[in-house]
Number of protein chains: 2
Amino acid sequence: MEKEELVFKNYLVSHGLKYTPERKIVFDAIISFSGHFDADTLYESIRRNKGKLSRATVYRALPHFIATGIVKESLRFEGRTHYEKSLGTEHHDHLVCLGCGKIIEFKDEKIEELQNKVCKKYSFKALDHKLGIRGYCKTCQKK
Amino acid sequence: MEKEELVFKNYLVSHGLKYTPERKIVFDAIISFSGHFDADTLYESIRRNKGKLSRATVYRALPHFIATGIVKESLRFEGRTHYEKSLGTEHHDHLVCLGCGKIIEFKDEKIEELQNKVCKKYSFKALDHKLGIRGYCKTCQKK
DNA sequence: ATTGAAATTGAGAATCAATCTCATCAATAA
DNA sequence: TTATTGATGAGATTGATTCTCAATTTCAAT
Ligand SMILES: [Zn+2]
Ligand SMILES: [Zn+2]
Ligand SMILES: [Zn+2]
Ligand SMILES: [Zn+2]
């Protein structure tokens, strides 16, 4: 069993939960993804490749993956929550193109530091943050 | 008629739309708010103070207020979109307490500048952005 | 191998914000 | 007046997400 899978299994077991075949199917599907995805994309890809699994099982599994740090909520748009793998991926923020839907990831250390400063100023204990900049990508500006 | 009201009326008229009594009711309710609100809060406050108005009318009016810059989407949490007045309010970002729901507003010029730099780097034309930091406020940390 | 408590699952129902439908109403222009 | 166009209310609808509950599975202890 790979490291990530162990992380997940250990999380489950230590919380009195079980590493079931269904959760392994979801795990495999998530690992096979690169980039961003939403719950339905995940569900459909599982149905296509591994046969049937209830939509509810996918929705129920997601919080566990988030709790272990394997998956992160990335952005909300088009009425859905979008996720992304976060194991083996550094934290980053997003530029979202309103024209073509393209997502550009970036990370700026200075912005991160300044956020910490802001939190200190307000005695605020930060857990996470999301910075999303909406606009138009290079390609879409020409139209 | 006040300045903001004229801005709104002009926007409507110049778009072939009408400044109806219902839209004025929504306008007044929004102006009377301070702080953040969601569509339902707005709707309920109108019902309480001004009597009946369809929920659909509130939802239909919101995009017009956003288009004129009177209202801005501020953050999404608790499954709803939250808005805030943006006339007479400077741009700012948010710290959201997961414990008590308190929202702290802040603005850091340096962060804003660095965002512009990021956009330049990617030839990205930004329209707006949202930075939301989730965590626990001073009070809630003690529990 | 058997048992039983506790967790999990599937299927569909329920929820909830947000949008849409449509018949009716209001404003304006011809 | 009549036609046109936009606006409204009430409720239906959508679509994502969550919940319900009976049936099944897991797993540790017999
Ligand atoms: Zn684009
Ligand atoms: Zn990303
Ligand atoms: Zn708090
Ligand atoms: Zn604010």
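Values below: all heavy atoms of this structure, side chains included; hydrogens, waters and symmetry mates excluded. In what follows, every chain begins at residue 1, and chains take the letters A, B, ... in the order their sequences are listed.
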Exercise for the section: For DNA chain D, determine which residues of residues 13-23 of chain B have any heavy atom closer than 4.0 angstrom to one of its atoms, and list them numerically. Expected result: G16(B), L17(B), K18(B), T20(B), E22(B), R23(B)

Problem - salt bridge (charged side-chain N to carboxylate O under 4.0 Å, His left out): pairs with one or both residues in residues 129-143 of chain B, sequence neighbours excluded - result: D128(A)-R134(B), E73(B)-K130(B)

Practice task
Evaluate whether atom NZ of K24(B) has more than 12 neighbouring non-hydrogen atoms of other residues, nucleotides or ligands under 6.0 angstrom away.
Solution key: yes

Exercise for the section: Output all residues satisfying side-chain hydrogen bond (donor to acceptor under 3.5 Å, both in side chains) with N116(A), sequence neighbours left out; order by chain, then residue number. Expected result: none

Practice task
Share the residues that join Y59(B) in a hydrophobic cluster, the rule being Ile, Leu, Val, Met, Phe, Trp or Tyr side chains under 4.5 Å apart at the heavy-atom level.
Solution key: none

Practice task
Sequence neighbours left out, what pairs pass ring pair (Phe, Tyr, Trp, His ring centres under 6.0 Å) with at least one residue falling in residues 24-52 of chain A?
Solution key: F33(A)-F37(A), H36(A)-H94(A)

Handout entry: Any residue meeting side-chain hydrogen bond (donor to acceptor under 3.5 Å, both in side chains) with T81(B), in chain and number order, not counting sequence neighbours
Key = R76(B)

Show me the protein contacts with nucleotides 18-20 of chain C, counting only N or O atoms at under 3.5 Å.
unit_1: dA18(C); atom_1: OP1; unit_2: T81(B); atom_2: N; d: 3.3
unit_1: dA18(C); atom_1: OP1; unit_2: T81(B); atom_2: OG1; d: 3.0
unit_1: dA18(C); atom_1: OP2; unit_2: Y59(B); atom_2: OH; d: 2.9

Practice task
Apply side-chain hydrogen bond (donor to acceptor under 3.5 Å, both in side chains) to D108(A) and list each qualifying residue two or more places apart in sequence or on a separate chain.
Solution key: none

Exercise for the section: Tell me, please, which residues at least two apart from R23(A) pass side-chain hydrogen bond (donor to acceptor under 3.5 Å, both in side chains). Expected result: none

Completion exercise
For residues 123-143 of chain B, the ring pair (Phe, Tyr, Trp, His ring centres under 6.0 Å) pairs (sequence neighbours left out) are H91(B)-H129(B)

Exercise for the section: Starting at atom NZ of K52(A), determine the distance to atom C1' of dT9(C), rounded to an integer number of angstrom. Expected result: 11 Å

Handout entry: Of all pairs that satisfy ring pair (Phe, Tyr, Trp, His ring centres under 6.0 Å), the ones with a partner from residues 68-89 of chain B, not counting sequence neighbours
Key = F77(B)-H82(B)

Completion exercise
Footprint ends on DNA chain D, 5' to 3', for atoms under 4.0 angstrom from a heavy atom of chain A, come out as dA16(D) to dT26(D)

Practice task
Quickly work out the K24(A) NZ to dT9(C) C1' distance and round it to whole Å.
Solution key: 18 Å

Exercise for the section: Let me know the distance between CG of L53(A) and C1' of dT8(C), rounded to the nearest Å. Expected result: 12 Å

